[in-house]
Amino acid sequence: MITITFPDKSVREFQEGVTGLQIAEGISGRLAREALCISVNGEVWDLNRPIPEDSQVELYTWNDRKGKETFWHTSAHLMAEAIDFYYPGTKFGIGPSIETGFYYDMEFPEDIQLTDKDLPKIEKKMLELSKLKNSIVRRDVSKKEAIDFFTKKNDQLKLELINELEDGTITFYQQGNYTDLCKGPHLPNTGYIKAVKLTSIAGAYWRGDEKNKMLTRVYGVTFPKQKELTEYLAFLEEAKKRDHRKIGKEMELFIFSGKVGAGLPMWLPKGTILRTQLEDFLKRVQKRFGYVQVITPHIGNVELYKTSGHYQKYGADSFQTIKTPVKGEEYMLKPMNCPHHCEIYAYKPRSYKDLPLRIAEFGTVYRYEQSGELHGLTRVRGFTQDDAHLFCRPDQLKDEFKKVIDIIFIIFKAMEMNDYTAQISLRDPKTPEKYIGTKENWEKAERAIVEASAEKGLKTTTVIGEAAFYGPKLDFMVKDAIGRSWQLGTIQVDYNLPERFGLEYIGADDKRYRPIMIHRAPFGSMERFVAVLIENTAGKFPLWLTPDQVVVLPISEKFNDYAKKVSEFLNNSDIRTIIDDRDEKIGRKIRDNELKRIPYMLVVGEKEVNNGEVSVRRQGKGDEGSMTIEKFATMITDLVKEQQKIDY
RNA sequence: GCCGGGGUAGCUCAGAGGUAGAGCGCAUCCUUGGUAAGGAUGAGGUCACGAGUUCAAAUCUCGUUCUCGGCUCCA
């Protein structure tokens, strides 16, 4: 007998070699049905793998991340089995579970070109195979056996993987006629998979290296119940409606034009109102935090970027230089604002008393992103950063960092964005050659970031090796409608540029010292921020940001003059108001303006004209009764003021 | 940049060798209305661009460009 310990510390005796499934059965029939995998002493195992000795275990179901991972990993194998059936000779690379679903990277026989149209038949085959409820059998194999097996299949991809494995640690998983090299774990049989959707086909470099050949990647997602697939597909449909590209078009916020060029957004009047509101708000916040606002040109002499080091590092992949009539003179579109700000720092001697100096600019920069990477407003070639560079003394670093975190908190609060994550990126001490600056400075900077985050009560994840070459950073991430995470706010410590630009300040002892620089952008870029804001709000922005805040709806043409009076009064009170005086019935006007996401509709007819009132209707909420124009204006003004309040 | 989809009216999309379609929007007229779609009529297209095949190309081929889903990259 062996002793099995459960997460609640309870203990039970079982036969040696008991399986996870048998343990689950011993607890309840329901658990036995729902369990998908089990962790044994911290390692996730198959449910039908015998447990040889005393162990701590935990059973996982669909409700657990690990349960889903196992489910989707097995699904990847099921898909491979189906594809192997239709396209014998296909070579299978790597097929993991991902956040939602799974993929498999494959090399198809040369005459096969898989397209979307092939996916339904593969889905159907997968369901057929799952109905067979084939057991999934784990088997230890020797390295030689593994090599022989895949040599016979001529699968170079698997052979490459096997070569990197140690003899004695290699396992095969088999279901029906399909055998795969895999470390598992897997479901007990394929019958658990009841609903299948293959979502897309994409190219993917073998092992993520663009020097390798490109394989075909098929993405899919599966569920234990058909209903869950239906719900998931409905979720995707909903998400599509929140896509910022779609809403941006509907609400006339921004456009792209092929004639202007890829990745170069143009802000339409309504989008410009939204963006200007954001900028004005941040300017007010920054003023309170002691920033000074500057403006710098869109181009700079190539020598500037040679000094900063950007030219050497990124010049070749950037927009090409602009030549002037003067021989040898070249300019570059500004890829970042920091070199200009360094020059602003350097134009006169600075005293330790001047620090910290906080230079802010809504600086538009241009970067030649690869064509395949462009995506709506989230990844563009011309964008405006809400940039600032803080030049400070070492003893001020942590405090400055904390103040930037405060600003980011203020921003997210005003935007009603509560669902963000924060990531600290540190250097990898094992590869010091990738970083510039002294070890002492790095340690100081990293400590400052870690401590500042902790003292601000920020929940962070820490990633080693993700730091920029010039310093560690703290990034804030927010998800879009379909769950893709985008980096918005960023705070980075930089010892490099002050060095390269020879920046100095005079200390109290009359000696020269080098300031530390912090790059920071709470929004990240106006473009990306607005994109994420649109997806988070589905275009129903907080009132203060909404381009058209109020629309006046005259009941009939007879009341157009009164409507005009109302709108003039409101506009004069700084409330953005338009009129819908189309020759339509009121029901129609209400419907159309509801769909346009205008927060307030003011219905005006005979009653209102007689009383100097407006009948207030709120978007999504309906009729809220009538009040005088003045009272309405005060209400809106107060509301907006409250929303724009800077408090922390 | 790479792999695979696309580009047809302002928008959403159908059409797949033989002179271009729908719904919404827009214009005009009728209607003058009370909280989510009133009616009639009409205008609107170099079918992304350029070459080729063909008696004939929106439709087939090639190139370019933009765009979508990924990969790679990301200052």
Side-chain angles (χ1 to χ4, degrees), chain A residues 98 103 105 108 113-119 199-219 240 243 245-246 249-250 252 255-264 305 308-311 313-315 317-318 334-339 365-376 379 381 383 385 387 466 468-470 473 482 484 487 490 492 494 497 519 521 525 553-560 582-596 601-608 615-626:
Chain A
I98 52 177
Y103 66 80
D105 283 348
F108 282 85
Q113 180 60 264
L114 201 70
T115 74
D116 303 353
K117 292 166 193 77
D118 301 315
L119 297 181
T199 44
S200 69
I201 300 181
Y205 298 109
W206 171 234
R207 318 201 83 177
D209 188 337
E210 66 182 314
K211 287 183 210 75
N212 290 335
K213 67 180 146 199
M214 183 161 276
L215 307 178
T216 303
R217 173 175 295 181
V218 178
Y219 283 91
K240 244 191 234 165
D243 190 315
R245 294 165 299 192
K246 181 176 151 65
K249 210 183 260 178
E250 280 170 12
E252 301 186 286
I255 53 160
F256 289 89
S257 146
K259 278 192 185 135
V260 172
L264 299 170
Y305 304 108
S308 71
H310 295 119
Y311 184 80
K313 207 163 162 63
Y314 303 108
D317 298 319
S318 142
K334 174 162 77 172
M336 49 199 359
N337 304 300
C338 23
V365 296
Y366 300 89
R367 302 175 183 181
Y368 192 82
E369 299 292 346
Q370 293 192 43
S371 60
E373 191 53 43
L374 301 174
H375 179 93
R379 179 62 51 82
R381 285 179 176 160
F383 57 98
Q385 295 179 311
D387 213 354
E466 279 294 299
F469 71 96
Y470 50 78
K473 59 180 183 169
I482 57 171
R484 283 179 298 210
Q487 181 203 308
T490 178
Q492 310 181 359
D494 186 353
L497 279 188
H519 308 245
S525 83
L553 311 180
I555 293 280
S556 84
E557 169 187 356
K558 285 188 273 184
F559 311 107
N560 281 356
R582 292 174 306 160
D583 183 11
E584 292 291 351
K585 292 213 228 180
I586 194 67
R588 180 52 179 272
K589 292 186 187 181
I590 285 169
R591 179 186 152 79
D592 288 348
N593 287 289
E594 283 278 348
L595 294 176
K596 279 165 80 180
M601 280 160 265
L602 301 181
V603 177
V604 296
E606 190 169 4
K607 216 168 49 185
E608 288 75 16
S615 173
V616 180
R617 185 191 165 96
R618 271 179 76 186
Q619 203 263 357
K621 302 222 162 71
D623 194 351
E624 301 209 327
S626 47

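Note that the structure is a prediction, hence the values are computed from the model and not measured. Proteins get letters first, then strands, A, B, ... in listed order; numbering begins at 1 in each. Values below: every heavy atom of this structure, side chains too, minus hydrogens, waters and symmetry copies.
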May I ask you to say what [X] touches in the nucleic acid, namely base, sugar-phosphate or nothing, with a heavy-atom cut-off under 4.0 Å?
X: A/Gly309; result: nothing
X: A/Ala202; result: base
X: A/Glu606; result: base
X: A/Ser200; result: sugar-phosphate
X: A/Gly587; result: sugar-phosphate
X: A/Arg217; result: sugar-phosphate
X: A/Ser615; result: base

query: Got a salt bridge between A/Asp592 and A/Arg588, using NZ or NE/NH1/NH2 to carboxylate O under 4.0 Å?
result: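 Looking at A/Arg588 together with A/Asp592, the answer is yes, because their closest N to O distance falls below 4.0 Å.
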Can you tell me the pairing partner of [N] across any strand shown, Watson-Crick or G-U wobble, with both distances under 3.5 angstrom?
N: B/A16; answer: none
N: B/A57; answer: none
N: B/G69; answer: B/C3
N: B/C29; answer: B/G39
N: B/U64; answer: B/A48
N: B/C74; answer: none

- prompt: Taking for each residue the nucleotide of RNA chain B with the nearest heavy atom, is it A/Leu595 or A/Gly263 whose nucleotide lies nearer the 5' end?
  reply: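 The residue whose closest nucleotide sits nearer the 5' end is A/Leu595.
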- line: RNA chain B nearest-nucleotide lookup for A/Leu215 and A/Gly620: closer to the 5′ end is A/Leu215
Quick test: give all pairs of protein nitrogen or oxygen and nucleotides 45-50 of chain B nitrogen or oxygen below 3.5 Å, distance rounded to 0.1 Å.
none

For nucleotides 26-33 of chain B, tabulate all protein N/O to nucleotide N/O atom pairs closer than 3.5 Å, reporting atom names and distance.
| unit_1 | atom_1 | unit_2 | atom_2 | d |
| --- | --- | --- | --- | --- |
| B/C30 | N4 | A/Asp583 | OD2 | 3.2 |
| B/U31 | N3 | A/Asp583 | OD1 | 3.3 |
| B/U31 | N3 | A/Asp583 | OD2 | 2.9 |
| B/U31 | O4 | A/Asp583 | OD2 | 2.4 |
| B/U32 | O2 | A/Ser556 | OG | 3.1 |
| B/U32 | O2 | A/Glu557 | N | 3.1 |
| B/U32 | N3 | A/Glu557 | OE1 | 2.7 |
| B/U32 | O4 | A/Glu557 | OE1 | 2.4 |
| B/G33 | N7 | A/Ile555 | O | 2.8 |
| B/G33 | O6 | A/Asp583 | OD1 | 3.2 |
| B/G33 | N1 | A/Asp583 | OD1 | 3.3 |

message: Taking A/Leu114's backbone N and O only, do any of them form a donor-acceptor pair with A/Asp118's side chain (distance below 3.5 Å, no angle check)?
response: no
query: Does B/G69 have OP1 or OP2 sitting under 4.0 Å from an N or O in the side chain of A/His375?
result: yes
Pull out every protein N or O sitting under 3.5 Å from an N or O of nucleotides 73-75 of chain B, one pair per line with the distance.
| unit_1 | atom_1 | unit_2 | atom_2 | d |
| --- | --- | --- | --- | --- |
| B/C74 | O2 | A/Arg379 | NH1 | 3.1 |
| B/C74 | O2 | A/Arg379 | NH2 | 2.9 |
| B/A75 | OP1 | A/Tyr314 | OH | 3.0 |
| B/A75 | O2' | A/Arg367 | NH1 | 3.0 |
| B/A75 | O2' | A/Arg367 | NH2 | 2.6 |

From the options [options], select the nucleotide whose nearest atom is closest to the side chain of [X].
X: A/Arg245; options: B/G69, B/A36, B/C11; result: B/G69
X: A/Leu374; options: B/G70, B/A36, B/U67; result: B/U67
X: A/Lys607; options: B/C71, B/G34, B/C3; result: B/G34

Starting from [atom2] on [N], measure out to [atom1] on [X] and report it in whole angstrom.
X: A/Glu608; N: B/U35; atom1: CD; atom2: P; value: 12 Å
X: A/Leu553; N: B/A37; atom1: CG; atom2: P; value: 14 Å
X: A/Tyr205; N: B/C71; atom1: OH; atom2: P; value: 11 Å

message: Using a 6.0 Å distance limit plus a 45 degree cone around the ring axis, check whether A/Arg381 lies over the aromatic ring of A/Tyr368.
response: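 Judged by the rule, A/Arg381 and A/Tyr368 form a cation-pi pair.
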message: Would you say A/Arg217 and A/Tyr219 are linked by a side-chain donor-acceptor pair, where the criterion is simply a distance under 3.5 Å?
response: yes
